[in-house]
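Worksheet: one structure, shown below.
Ligands are counted one by one from 1 in listed order, and the atoms in each one are counted from 1 as well.
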Amino acid sequence: MHMIQRKKIIIGNWKMNPETAEEAEKLFSTVAKNVSRTKKTDIVICPPFIYLQALLKIRTSKIKLGVQDAFPGSVGAYTGEVSTDMLYNMGARYVILGHSERRALGESNSDINKKIKFSLVAGLVPIVCVGESARDLSHSYFNLVKSQLEECLKGIPKNSISKIIIAYEPIWAISTTLDRKDATPEDAKEMTIFIRKILSDKFGSEVSRMRVIYGGSVNEKDAALFLEHGGVDGLLPGRASLDATKFAKIIDICEALSK
Ligand code: PEP
């Protein structure tokens with residue numbers, strides 16, 4: 001059977017960091033300098049909204065910008081919100097949706113579903129996060145990830161599905177989780193196979209073009225393991241993306257492993 005090559009992608013989620021625009025510009029420029037020879041890896045940085053404009057002015061063809069949320073609506077009376085169209089018009093090309101830290105603030109699968117639909121119409125690539133907070137002996141976490149996928153992707157047309165990136169992020173492995181544990185590449189592999197199976201049953205062969213990536217305390221020391229043995233098409237580092245050297249190292253590792 002003909003194998004589809006999926007270009008690998010490394011996405012940095014800066015979360016609510018750093019504290020000043022100067023630091024944001026310095027971090028971004030240093031990464032840009034360090035990855036100037038990257039060819040085979042897509043690179044995305046998702047800063048807080050307010051740094052977007054300044055970072056877009058730093059010239060680099062290697063890094064695309066994304067955001068960490070977007071409002072599912074057109075212009076109008078939505079105090080405090082920023083719409084998918086505004087973000088696309090500003091220059092953002094990706095949007096992280098359904099991150100566990102936003103779900104913890106009350107975001108539901110149906111909210112995420114609306115945001116995905118608006119993002120696709122606006123032209124933003126949704127990076128949809130799924131993942132369980134704990135693992136149990138009866139493996140019910142598979143059911144949880146299945147319902148997250150089904151509810152978040154409800155009503156998405158088959159011909160749009162390949163534009164979406166799924167990020168598997170086991171919450172128990174994220175750096176800020178108390179008593180966190182390391183996930184293994186095998187944990188990631190088992191779940192990415194499961195995710196692809198659920199999605200193929202629902203959306204068919206287009207799913208072979210979709211990228212499924214992994215996040216959960218990935219750093220420059222274990223990136224190669226996850227990329228080589230985790231069955232994933234990329235990584236979503238949080239904390240490690242705030243260190244230009246570590247983040248660029250992860251990209252170099254990915255580049256070296258890409259065909
Ligand atoms: C995240 O929360 O998306 C994440 C993967 O963070 P970290 O790499 O810091 O665990």
Side-chain angles (χ1 to χ4, degrees), residues 8-19 23-24 27 31 41-49 51 64-70 92 94-107 109 112 115-116 119 125-135 141 144-145 148-149 152 164-185 187-189 191-192 195 211-227 230-254:
K8 295 232 177 349
I9 187 163
I10 305 293
I11 303 168
N13 176 9
W14 283 7
K15 306 191 179 181
M16 202 172 73
N17 296 289
E19 213 161 288
E23 287 170 275
L27 175 56
V31 175
T41 307
D42 285 335
I43 308 169
V44 182
I45 287 181
C46 300
F49 291 133
Y51 301 143
K64 295 274 185 294
L65 278 151
V67 286
Q68 304 164 19
D69 187 31
Y94 291 80
V95 55
I96 297 173
L97 294 174
H99 190 278
S100 55
E101 287 153 14
R102 296 209 58 81
R103 290 178 187 264
L105 295 173
E107 191 162 284
N109 289 330
I112 298 161
K115 292 179 180 194
I116 296 172
S119 298
V125 174
I127 303 152
V128 181
C129 302
V130 297
E132 73 283 4
S133 55
R135 290 203 161 190
Y141 54 92
L144 179 110
V145 170
Q148 286 179 332
L149 289 169
C152 290
I164 297 173
I165 297 172
I166 303 292
Y168 172 53
E169 296 214 299
I171 299 168
W172 49 270
I174 288 179
S175 64
T176 45
T177 300
L178 287 177
D179 297 331
R180 66 163 297 282
K181 291 190 192 61
D182 278 333
T184 63
D187 293 329
K189 184 158 192 180
M191 191 55 90
T192 51
I195 290 171
R211 292 188 279 199
V212 180
I213 67 173
Y214 172 78
S217 301
V218 191
N219 57 44
E220 73 290 2
K221 297 194 186 87
D222 59 14
L225 278 177
F226 279 99
L227 288 167
V232 295
D233 306 305
L235 302 169
L236 176 54
R239 184 176 288 180
S241 72
L242 295 172
D243 179 317
T245 313
K246 288 185 182 170
F247 189 59
K249 185 87 207 290
I250 294 172
I251 293 160
D252 284 347
I253 290 167
C254 185

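Between Y214 and Y168, the angle of the ring planes lies from 30° to 60°, which puts this pair in the tilted group.
Side chain of S217 to main chain of A173: a donor-acceptor pair is present (N/O by atom type, distance under 3.5 Å, no hydrogens or angles). Using modelled atom types, one side-chain atom of T184 and one backbone atom of D187 make a donor-acceptor pair closer than 3.5 Å.
Between the side chains of N109 and R103, at least one donor-acceptor pair of N or O atoms lies under 3.5 Å.
The closest approach between a heavy atom of K15 and any atom of ligand 1 is below 4.0 Å. Residue G216 places a heavy atom less than 4.0 Å from ligand 1.
Ligand 1 places these atoms under 4.0 Å from at least one heavy atom of L236: 5 (C). Taking a cut-off of under 4.0 Å to the non-hydrogen atoms of R239, the atoms of ligand 1 that pass are 7 (P), 8 (O), 9 (O). Near G215, the atoms of ligand 1 lying under 4.0 angstrom from a non-hydrogen atom of the residue are 5 (C).
Among the candidates I213, L97, V44, the single residue satisfying the side chain to side chain contact (heavy atoms under 4.5 Å, CB included) test with I165 is I213.
Nearest protein neighbour of atom 9 (O) of ligand 1, counting heavy atoms only, is S175 OG, 2.5 Å. The protein heavy atom nearest to atom 5 (C) of ligand 1 is E169 OE2, 3.1 Å. The protein non-hydrogen atom at the shortest distance from atom 1 (C) of ligand 1 is H99 NE2, 3.2 Å.
Note: an N/O pair closer than 3.5 Å links G238 and ligand 1 by distance alone.
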Checklist entry - Run the side-chain contact (heavy atoms from CB on, under 4.5 Å) check on L236 and E169 step by step: do they pass? => result CA-CA 9 Å; L236 176 54; E169 296 214 299; 3.5 Å; yes
Item to check | Check against salt bridge (Lys or Arg N to Asp or Glu O under 4.0 Å), D69 and R102 | outcome: CA-CA 9 Å; D69 187 31; R102 296 209 58 81; 3.3 Å; yes
